[in-house]
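Numbered from 1 within each chain, the chains take letters A, B, ... in sequence-line order.
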Amino acid sequence: MQKSFSKNGIGLKGESHIDLIRGRDRLPREFYLRDVLIVAPEILGKYIVVRLQKGLYSKFRITDVEAYRGSEDKACHASKGRTVRTDIMFREGGYLYVYLIYGIYWMLNVVTGCEDDPQAVLIRGVDNISGPGKTTKMLKIDSSFNKEDLVSSDRIWIEGTGVLPDFRTGHRIGIDYAGEYWKSRPWRYYI
DNA sequence: TCAGTGATTAGG
DNA sequence: CTAATCACTGAG
């Protein structure tokens, strides 16, 4: 765990517990409304804050993400149409899309773009944690976070500066079923 | 390399 | 109702 905060406001210098609750530096709706290929790299280096229990928060720097872009992207769950599960991806950006994979691991995604254009950023890793399943385990993310609004939630949000760290790109992981073209899109971004 | 694990989905 | 699938991980 990179940072945790007691009820007394112990934590990063200049930040109090109350600042955290209010999400003083949280990213606004507009950040998420842009195309996923813009938002995904810009999420790198920003911090995801999650309430672990009353008065205790964890804060991790995001280091590894992937973009899933629209109905035409064969790797995007929404490419098979609008279903109960994928409905949230069709909403405007800023919501969370959380689902279970292989019966064990929760995947954490941030919806981006405009309404009716299903896009999301998969959070693949944070500082010292590699892999999307391990990341949600560490952050204690489960189905109860599905459809949560990062802009107004009192238990999860993203904050950070506009400084973009150096990053690399690569192909997305675990989407062999999507075919060569979509598999080869360089839509993984990592520090 | 490969099994584990259960929600989601399409199809009868 | 059934069966297939799966943005993964860790053991060997």
Side-chain angles (χ1 to χ4, degrees), chain A residues 1-2 27 31-32 34-48 50 58 60-114 116-150 156-158 167-191:
Chain A
M1 183 175 313
Q2 189 176 59
L27 299 174
F31 177 87
Y32 304 103
R34 300 169 297 160
D35 191 277
V36 69
L37 297 184
I38 302 294
V39 178
E42 286 198 20
I43 283 183
L44 292 175
K46 293 192 166 49
Y47 293 84
I48 184 159
V50 183
S58 64
F60 287 85
R61 189 177 69 135
I62 298 168
T63 59
D64 192 351
V65 301
E66 282 174 359
Y68 289 85
R69 188 170 186 261
S71 302
E72 63 166 6
D73 178 4
K74 289 286 187 286
C76 181
H77 289 169
S79 68
K80 296 197 190 81
R82 193 165 185 159
T83 65
V84 172
R85 182 175 67 157
T86 63
D87 184 69
I88 187 63
M89 274 202 282
F90 288 79
R91 297 196 63 178
E92 64 177 357
Y95 294 90
L96 293 182
Y97 167 40
V98 179
Y99 68 93
L100 187 68
I101 190 71
Y102 300 117
I104 308 177
Y105 305 103
W106 295 102
M107 298 289 101
L108 173 61
N109 298 259
V110 176
V111 175
T112 68
C114 302
D116 294 326
D117 186 8
Q119 308 183 333
V121 177
L122 169 67
I123 308 297
R124 282 199 71 85
V126 294
D127 266 336
N128 304 318
I129 309 291
S130 294
K134 290 197 286 187
T135 296
T136 53
K137 186 177 179 185
M138 176 64 55
L139 293 174
K140 296 203 177 342
I141 299 292
D142 59 23
S143 66
S144 73
F145 284 85
N146 191 32
K147 303 186 183 183
E148 195 85 0
D149 184 6
L150 289 172
I156 187 168
W157 62 86
I158 297 175
F167 64 90
R168 294 172 180 276
T169 62
H171 68 268
R172 296 173 292 177
I173 308 299
I175 55 161
D176 289 352
Y177 61 87
E180 259 323 301
Y181 178 77
W182 296 106
K183 206 172 126 184
S184 64
R185 292 311 89 203
W187 291 351
R188 181 187 182 194
Y189 308 86
Y190 58 101
I191 297 175

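The side chain of A:Y177 contributes an N or O atom lying less than 4.0 Å from OP1 or OP2 of C:dA7. At the phosphate of C:dC8, OP1 or OP2 sits under 4.0 Å from a side-chain N or O atom of A:R124.
Comparing C:dG10, B:dA10, C:dA7 by their nearest atom to the side chain of A:K134 picks out C:dG10.
In this structure, C:dA7 is classed as syn because its glycosidic torsion stays within 90° of zero.
Here, B:dT5 and C:dG12 have their P atoms 15 Å apart, quoted to the whole Å. With both ends at atom C1', the span from C:dG10 to B:dA7 equals 22 Å, rounded to whole Å.
At whole-Å resolution of the value, CD1 in A:I173 and P in C:dA7 are 13 Å apart. Here B:dA7 presents its P atom at 13 Å from CZ of A:R85, a figure rounded to the nearest Å. Across the protein-nucleic acid pair, A:Y99 atom OH and C:dT5 atom C1' stand 12 Å apart, rounded to whole Å. Remark: C1' of B:dT8 and CZ of A:R82 are 17 Å apart, rounded to the nearest angstrom. The distance from atom CG of A:D87 to atom P of B:dA7 is 20 Å, rounded to the nearest whole Å. What separates CG of A:L122 from P of C:dC8 is a distance of 7 Å, to the nearest Å. The nearest whole Å value for the distance from the NZ atom in A:K74 to the C1' atom in C:dC6 is 18 Å. Between A:I101 atom CD1 and B:dA7 atom P the separation is 13 Å, expressed in whole Å.
Using a 4.0 Å heavy-atom criterion, one finds that A:L100 contacts the sugar-phosphate atoms exclusively.
Across all strands shown, C:dA7 remains unpaired; no Watson-Crick or G-U wobble contact has both distances below 3.5 Å.
Considering only heavy atoms from C-beta on, A:M138 stays 4.5 Å or farther from A:V126 through its side chain. A:L37 has its side chain within reach of A:W187: a pair of non-hydrogen atoms, C-beta onward, lies under 4.5 Å apart.
Within 6.0 Å of CD1 on A:I104 lie more than 12 heavy atoms contributed by other residues, nucleotides or ligands.
A salt bridge between A:E66 and A:R172 is absent, with no side-chain N of the basic residue lying under 4.0 Å from a carboxylate O of the acidic one.
For the pair A:R85 and A:Y99, the cation-pi test (distance below 6.0 Å, angle within 45°) is passed.
Both stacking criteria are satisfied for A:Y68 over the base of C:dA7: a centre-to-centre distance under 5.5 angstrom and an angle between ring planes under 30 degrees.
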